[in-house]
2 protein chains.
Amino acid sequence: MKPDRPKVTIFDVAEHAGVSIKTVSRVVNNEPNVRENTRERVMLAVRELRYQPNAAARELSGKRSRIIGLIYENAEEFSYLNDVFNGALGICEPAGYSLLLRPLTLPDPEIIDHIRQFATNARVEGIVLPAPMGDLPEVSGLLREMRIPFAAITPREPAPDEINILCNDEAASHALTELLIRQGHDAIGFIKGHPDHGASHKRFAGYRRALKRHGVAYAPRLVRQGYFDFESGRIAAGRMLDLPNPPSAVLASNDDMAAGAIFAARKRGLNVPGELSIAGFDDTRFSSRIWPPLTTVRQPIVQMAETAAALLIDKLNGHSTEAPETPFECEVVIRESTAPLSPA
Amino acid sequence: MKPDRPKVTIFDVAEHAGVSIKTVSRVVNNEPNVRENTRERVMLAVRELRYQPNAAARELSGKRSRIIGLIYENAEEFSYLNDVFNGALGICEPAGYSLLLRPLTLPDPEIIDHIRQFATNARVEGIVLPAPMGDLPEVSGLLREMRIPFAAITPREPAPDEINILCNDEAASHALTELLIRQGHDAIGFIKGHPDHGASHKRFAGYRRALKRHGVAYAPRLVRQGYFDFESGRIAAGRMLDLPNPPSAVLASNDDMAAGAIFAARKRGLNVPGELSIAGFDDTRFSSRIWPPLTTVRQPIVQMAETAAALLIDKLNGHSTEAPETPFECEVVIRESTAPLSPA
DNA sequence: AATCCATTTGACAACGCTGTCAGTTTGCTG
DNA sequence: CAGCAAACTGACAGCGTTGTCAAATGGATT
């Protein structure tokens with residue numbers, strides 16, 4: 001059942017190198033106060049014997065599990081999770097940390113218990129909280145109370161001493177809206193995101209600011225509530241399109257809803273972008289693969305997750321957390337789902 | 001930095017219940033030979049003190065890490081991974097296991113070292129290998145040599161005493177091809193999948209068997225090599241469509257390539273399904289959200305991953321692994337990307 | 001009541017590492 | 001070359017469990 005290879009322990013290395021186990025420990029953990037000469041001798045023994053420290057013993061003795069948790073909403077709609085996983089894993093791996101996933105289905109009345117159990121049972125040292133987990137006050141409150149360091153990836157105001165990774169959603173949304181206005185659209189529909197996500201509000205704010213700046217009247221009838229999923233986008237867009245004076249462009253708060261909007265347009269025989277321009281947000285994997293390819297906003301999710309993990313690990317290791325307080329930059333990606341307002 | 005709550009240890013519970021620590025251990029681990037009376041007393045103490053066994057100590061002493069690894073190909077194209085994660089996590093969680101992810105970028109010349117390190121360093125007890133990891137002989141060979149139990153999710157012939165989860169790819173492909181033939185198509189293109197994936201061969205075999213069975217001539221010019229990604233599907237389909245006598249239907253070995261095929265058709269101004277029927281395989285999340293929604297084959301990935309994890313855990317716990325030797329059933333999902341051959 | 005097993009319980013030694021602290025060596029200073 | 005601080009090194013005690021094996025208990029049988 002278990003590997004047969006006789007386990008090499010710290011004692012074997014110590015003997016081989018002619019030092020005490022403590023010295024081996026020092027070398028392996030890069031602690032100071034070891035003569036260069038000695039260090040090399042130990043390193044050699046480590047390599048020759050292929051010594052791999054026993055993680056369980058380390059944890060038991062040193063109180064460091066080297067495990068980081070990642071709690072996420074288990075909604076299949078949020079395709080950005082893959083990027084989050086990849087980014088975080090890419091940092092944890094070389095830093096000697098393991099990443100433990102914990103999906104949660106929201107809303108979850110027992111969320112507190114679930115997280116508490118995850119934190120205790122899986123003995124995680126720190127936790128990464130991609131949106132919308134970082135937006136939930138009960139979650140961040142619990143972790144704060146449990147004194148478990150965490151890094152939230154969400155556009156909320158950074159709390160003091162807490163790691164918070166954000167990007168300029170508001171500005172990107174502003175830019176995207178501006179693009180549509182410049183293309184001649186003046187009846188621009190907006191599909192809001194899930195109200196519990198910080199990003200939803202930022203994106204809506206950018207839209208409104210752009211309208212105001214360019215003197216386009218804000219029409220509440222052209223704003224619909226969505227929930228970041230395909231279906232809600234399809235329904236919200238459908239309602240707007242069935243209006244007496246439908247919009248000539250629709251801005252959805254994410255790509256899933258934009259895809260829903262395209263679907264709704266197609267069902268009504270509308271040509272996109274000829275008769276209706278549609279833009280999304282996120283630049284998910286399939287945004288460029290549906291027809292027409294979506295005009296959208298690309299966020300550097302992988303980098304954001306990398307930064308979250310890196311800062312968290314720094315913090316766990318007691319380094320001063322030099323948070324980069326400038327938000328990450330989003331980028332408007334113009335594809336074929338948007339076009340200048342046709343004279344018709 | 002760390003939770004302040006004073007840790008409750010097995011000693012506290014023992015004292016509280018008036019028994020020895022060993023008895024507490026027995027109760028907590030559901031071992032036999034404890035008087036019912038005693039058991040209840042201990043359980044009570046456990047609950048009152050909210051005792052949670054220390055995983056590191058357990059592992060150090062008992063040699064059981066309760067960690068399962070999941071090694072996967074880090075190709076963003078394989079959206080079925082989310083289902084695999086969810087299925088496996090759903091089983092591991094309640095069984096008290098943690099799931100550790102290990103993405104690998106293929107081809108990886110150092111794959112052996114990477115896996116060896118993952119297995120040792122992360123001290124996993126067993127490993128889940130979704131396709132195409134289970135298809136790589138060096139991977140299964142290494143795990144066999146290291147005596148690490150694994151569960152492969154891939155359509156290969158089950159090795160004796162090894163857990164192998166598969167579904168009837170071949171039959172599903174046969175059914176899908178048959179559907180197109182019944183709709184009047186007799187020039188049906190086929191885009192093969194990545195040659196290193198067992199599924200590719202099964203799917204191609206089903207296609208050929210259906211052609212033969214219905215007396216449709218097999219035309220090598222209508223078969224192109226793809227690699228399961230969007231781009232390769234787009235290119236392969238493009239080549240076929242540019243042929244003097246293009247096919248009236250194209251069957252792609254997965255949905256990403258089918259999406260690529262739709263894209264290629266659109267670029268050439270072809271109406272799908274009016275002038276070209278396209279079908280895929282996998283029923284990924286966005287298959288029903290692109291236009292036209294894809295006719296495809298749905299595999300019960302979540303269930304397959306659940307079964308893989310469950311059987312693996314059974315094996316780790318020494319239970320007889322009653323492998324369900326009947327493959328899982330795929331299901332043809334008919335949507336709007338396929339239509340009867342138009343008389344034109 | 002004495003005897004004998006089967007069942008139940010407990011004492012104690014691992015498990016492999018890091019923290020503590022004391023002991024040893026080294027390199028300077030005067 | 002003694003004297004001393006600073007730089008190294010090592011002995012040993014935990015960390016919280018489980019495995020081993022001996023001891024205690026209880027019930028059935030003489």
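Chain letters run A, B, ... following the sequence lines, proteins first and then strands; every chain starts at 1.
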Set of side-chain hydrogen bond (donor to acceptor under 3.5 Å, both in side chains) partners for A:E48, sequence neighbours left out:
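For A:E48 the side-chain hydrogen bond (donor to acceptor under 3.5 Å, both in side chains) partners, ignoring immediate neighbours, are A:H16.
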Name all residues meeting the side-chain hydrogen bond (donor to acceptor under 3.5 Å, both in side chains) criterion together with B:D108; count only those two or more places apart in sequence or in a different chain, and write none if there are none.
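Only B:H114 meet the side-chain hydrogen bond (donor to acceptor under 3.5 Å, both in side chains) criterion with B:D108.
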What are the residues of residues 34-41 of chain A, sorted by number, that bring a heavy atom to within less than 4.0 Å of DNA chain D?
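Only A:V34, A:R35, A:T38 qualify.
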Rounded to 10°, tell me the angle between the two end axes of the helix from C:dA1-D:dT30 to C:dG30-D:dC1, each built from five pairs.
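Comparing the first five pairs with the last five, the axes sit 40° apart.
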Please identify each residue that fulfils side chain to side chain contact (heavy atoms under 4.5 Å, CB included) with A:A305, with sequence neighbours left out.
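Here the qualifying residues are A:V84, A:I153.
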Sequence neighbours excluded, which residues qualify as side chain to side chain contact (heavy atoms under 4.5 Å, CB included) partners of B:A56?
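Result, side chain to side chain contact (heavy atoms under 4.5 Å, CB included) vs B:A56: A:E59, A:L60, B:N54.
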Distances for protein N/O vs nucleotides 11-13 of chain D N/O pairs under 3.5 angstrom?
none

Considering the options B:D196, B:V139, B:L106, which one meets the side chain to side chain contact (heavy atoms under 4.5 Å, CB included) requirement together with B:P132?
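Checked B:D196, B:V139, B:L106 against B:P132; only one passes side chain to side chain contact (heavy atoms under 4.5 Å, CB included): B:L106.
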Anything under 4.0 Å to a heavy atom of chain A counts; send over the first and last such nucleotide of DNA chain C, read 5' to 3'.
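So the contact region on DNA chain C extends C:dG16 to C:dT26.
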If you assign B:A56 and B:E31 each to the DNA chain D nucleotide with the nearest heavy atom, which residue ends up on the more 5' nucleotide?
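Nearest nucleotide further toward 5': that of B:A56.
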Between [atom2] of [N] and [atom1] of [X], the distance in whole Å:
{"X": "B:K7", "N": "D:dG16", "atom1": "NZ", "atom2": "C1'", "value": "12 Å"}
{"X": "B:R64", "N": "D:dG19", "atom1": "CZ", "atom2": "C1'", "value": "14 Å"}
{"X": "A:E59", "N": "D:dG16", "atom1": "CD", "atom2": "P", "value": "11 Å"}
{"X": "B:N33", "N": "D:dG19", "atom1": "CG", "atom2": "P", "value": "14 Å"}

Within the 4.0 Å heavy-atom criterion, would you say A:P32 contacts the bases, only the backbone, or no part of the nucleic acid?
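If one applies the 4.0 Å heavy-atom cut-off, A:P32 turns out to touch nothing in the nucleic acid.
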Hey, mind stepping through A:R64 and A:E125 against salt bridge (Lys or Arg N to Asp or Glu O under 4.0 Å) and telling me if it holds?
CA-CA 7 Å; A:R64 301 281 315 266; A:E125 282 186 55; 2.8 Å; yes
Residues that B:R102 engages under salt bridge (charged side-chain N to carboxylate O under 4.0 Å, His left out), provided they are two or more places apart
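Partners of B:R102 by the salt bridge (charged side-chain N to carboxylate O under 4.0 Å, His left out) criterion, ordered by chain and then number, come out as A:E93.
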Residues in salt bridge (charged side-chain N to carboxylate O under 4.0 Å, His left out) contact with A:E306, at least two apart in sequence or another chain:
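Residues passing salt bridge (charged side-chain N to carboxylate O under 4.0 Å, His left out) with A:E306: none at all.
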Return no unless some side-chain N or O of B:N29 is found under 4.0 Å from OP1 or OP2 of D:dT18.
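So the side chain of B:N29 is within the cut-off, an N or O lying under 4.0 Å from OP1 or OP2 of D:dT18.
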For D:dG10, take OP1 and OP2 only and decide whether either is under 4.0 Å from a side-chain N or O of A:T23.
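Answer is yes, contact under 4.0 Å.
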Heavy-atom pair with the smallest gap, counting every atom of B:E73 and B:M133
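In this case the closest contact between B:E73 and B:M133 is N-CE, 3.5 Å.
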Locate the shortest heavy-atom distance separating B:A119 from B:I148; write the atom from each residue and the value.
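Scanning both residues, the minimum pair turns out to be CB-CD1, 3.4 Å.
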Output every pair passing side chain to side chain donor-acceptor pair (under 3.5 Å) with a member in residues 31-40 of chain B, not counting sequence neighbours, ordered by first then second residue.
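Every candidate side chain to side chain donor-acceptor pair (under 3.5 Å) pair involving residues 31-40 of chain B fails, so no pair, neighbours aside, qualifies.
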Do any N or O atoms from the side chain of B:K315 and from the backbone of B:D161 form a donor-acceptor pair under 3.5 angstrom?
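Yes.
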Show me the pairs that pass salt bridge (charged side-chain N to carboxylate O under 4.0 Å, His left out) and involve residues 128-139 of chain B, at least two apart or across chains.
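Pairs touching residues 128-139 of chain B that pass the test: none.
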